[in-house]
Amino acid sequence: MEGLGQWPFMIAIFVVFFVFMILPQRKRQKEEKKFNESLKRGDKVITKSGLHGKVFELNDKDNSLVIETMAGKLKFDRSALSMEMSKKLNAPKAEKK
């Protein structure tokens, strides 16, 4: 009967872990999947390493894309794109007062 008092504490730790660690990660994965599926030719993107360019070609077979930069055309895996930076790049800019 001594171990019975530890169960609520263990359940509470699991719930906190689930709410603060697992749920946000699932949400982020869904957003990234939606972002990758919504890419189209001509979209401006930034890779996680900081390379800027435009989507030139999309390949659904191997989940890759070709980015056209000033240095030429480079092939990347879609997971190499930075969703946050690409969204900032494409966000409408507010007018300065």
Side-chain angles (χ1 to χ4, degrees):
M1 288 294 189
E2 290 177 15
L4 196 58
Q6 293 178 352
W7 280 104
F9 182 69
M10 296 296 269
I11 291 172
I13 288 175
F14 177 75
V15 168
V16 168
F17 178 77
F18 187 78
V19 169
F20 288 108
M21 300 293 278
I22 296 173
L23 287 179
Q25 185 63 27
R26 281 187 183 173
K27 181 181 176 187
R28 181 173 169 78
Q29 285 175 339
K30 286 180 185 178
E31 287 176 359
E32 283 198 32
K33 184 177 180 183
K34 186 178 174 184
F35 170 74
N36 282 333
E37 290 173 352
S38 70
L39 284 174
K40 59 188 178 301
R41 189 174 178 179
D43 285 349
K44 293 180 182 178
V45 294
I46 301 175
T47 64
K48 291 178 182 175
S49 62
L51 183 80
H52 293 240
K54 285 186 181 182
V55 175
F56 183 75
E57 179 183 333
L58 295 163
N59 188 349
D60 291 329
K61 265 186 193 175
D62 62 353
N63 208 21
S64 65
L65 59 108
V66 176
I67 297 176
E68 184 177 22
T69 66
M70 293 182 77
K73 296 174 186 157
L74 303 168
K75 185 175 183 177
F76 282 94
D77 192 50
R78 288 188 188 190
S79 64
L81 296 179
S82 172
M83 179 181 66
E84 296 88 11
M85 294 302 292
S86 296
K87 283 185 177 180
K88 280 184 186 178
L89 180 68
N90 291 315
K93 297 181 181 179
E95 292 183 29
K96 294 181 180 178
K97 291 184 179 181

> Does CZ belonging to F18 count more than 12 external heavy atoms closer than 6.0 Å?
Replying inline: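 Atom CZ in F18 is crowded, with more than 12 foreign heavy atoms closer than 6.0 Å.
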
>> More than 12 heavy atoms of other residues, nucleotides or ligands under 6.0 Å from NZ of K48: yes or no?
In response: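 Check passes, neighbour count above 12.
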
> Between atom CD1 of I67 and atom NZ of K54, what is the distance when rounded to the nearest 0.5 Å?
Replying inline: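 Atom-to-atom, I67:CD1 and K54:NZ are 13.0 Å apart.
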
>> I need the E37 CD to L58 CG distance, nearest 0.5 Å.
In response: 12.0 Å

Partners of [X] by side chain to side chain donor-acceptor pair (under 3.5 Å), sequence neighbours excluded?
X	answer
S38	none
K27	none
K75	D62
S82	none

>> I11: which residues meet the side-chain contact (heavy atoms from CB on, under 4.5 Å) condition with it, sequence neighbours left out?
In response: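 For I11 the side-chain contact (heavy atoms from CB on, under 4.5 Å) partners, ignoring immediate neighbours, are V15.
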
>> Going by side-chain contact (heavy atoms from CB on, under 4.5 Å), name the residues that satisfy it together with L74, two or more places apart in sequence or in a different chain.
In response: L51, T69, F76

> Is there side-chain contact between N36 and N63, with heavy atoms separated by less than 4.5 Å?
Replying inline: no

> Are the side chains of R78 and D60 in touch, meaning some heavy atoms are under 4.5 Å apart?
Replying inline: yes

Starting from [Y], can I reach [X] by hopping between I/L/V/M/F/W/Y residues whose side chains sit under 4.5 Å apart?
X	Y	answer
L39	I46	no
L81	V55	yes
F17	L23	yes
L89	M85	yes

> With the threshold set at 4.0 Å, does a side-chain nitrogen-carboxylate oxygen contact exist between E32 and R28?
Replying inline: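 Salt bridge between E32 and R28, a charged N being under 4.0 Å from a carboxylate O: yes.
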
> Taking R41 for the side chain and F56 for the main chain, is one N or O donor matched with an acceptor at less than 3.5 Å?
Replying inline: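 Between the backbone of F56 and the side chain of R41 there is a qualifying donor-acceptor contact (under 3.5 Å).
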
> Do D43 side-chain atoms and K40 backbone N/O form a donor-acceptor pair below 3.5 Å?
Replying inline: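 Looks like yes, one N/O pair under 3.5 Å.
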
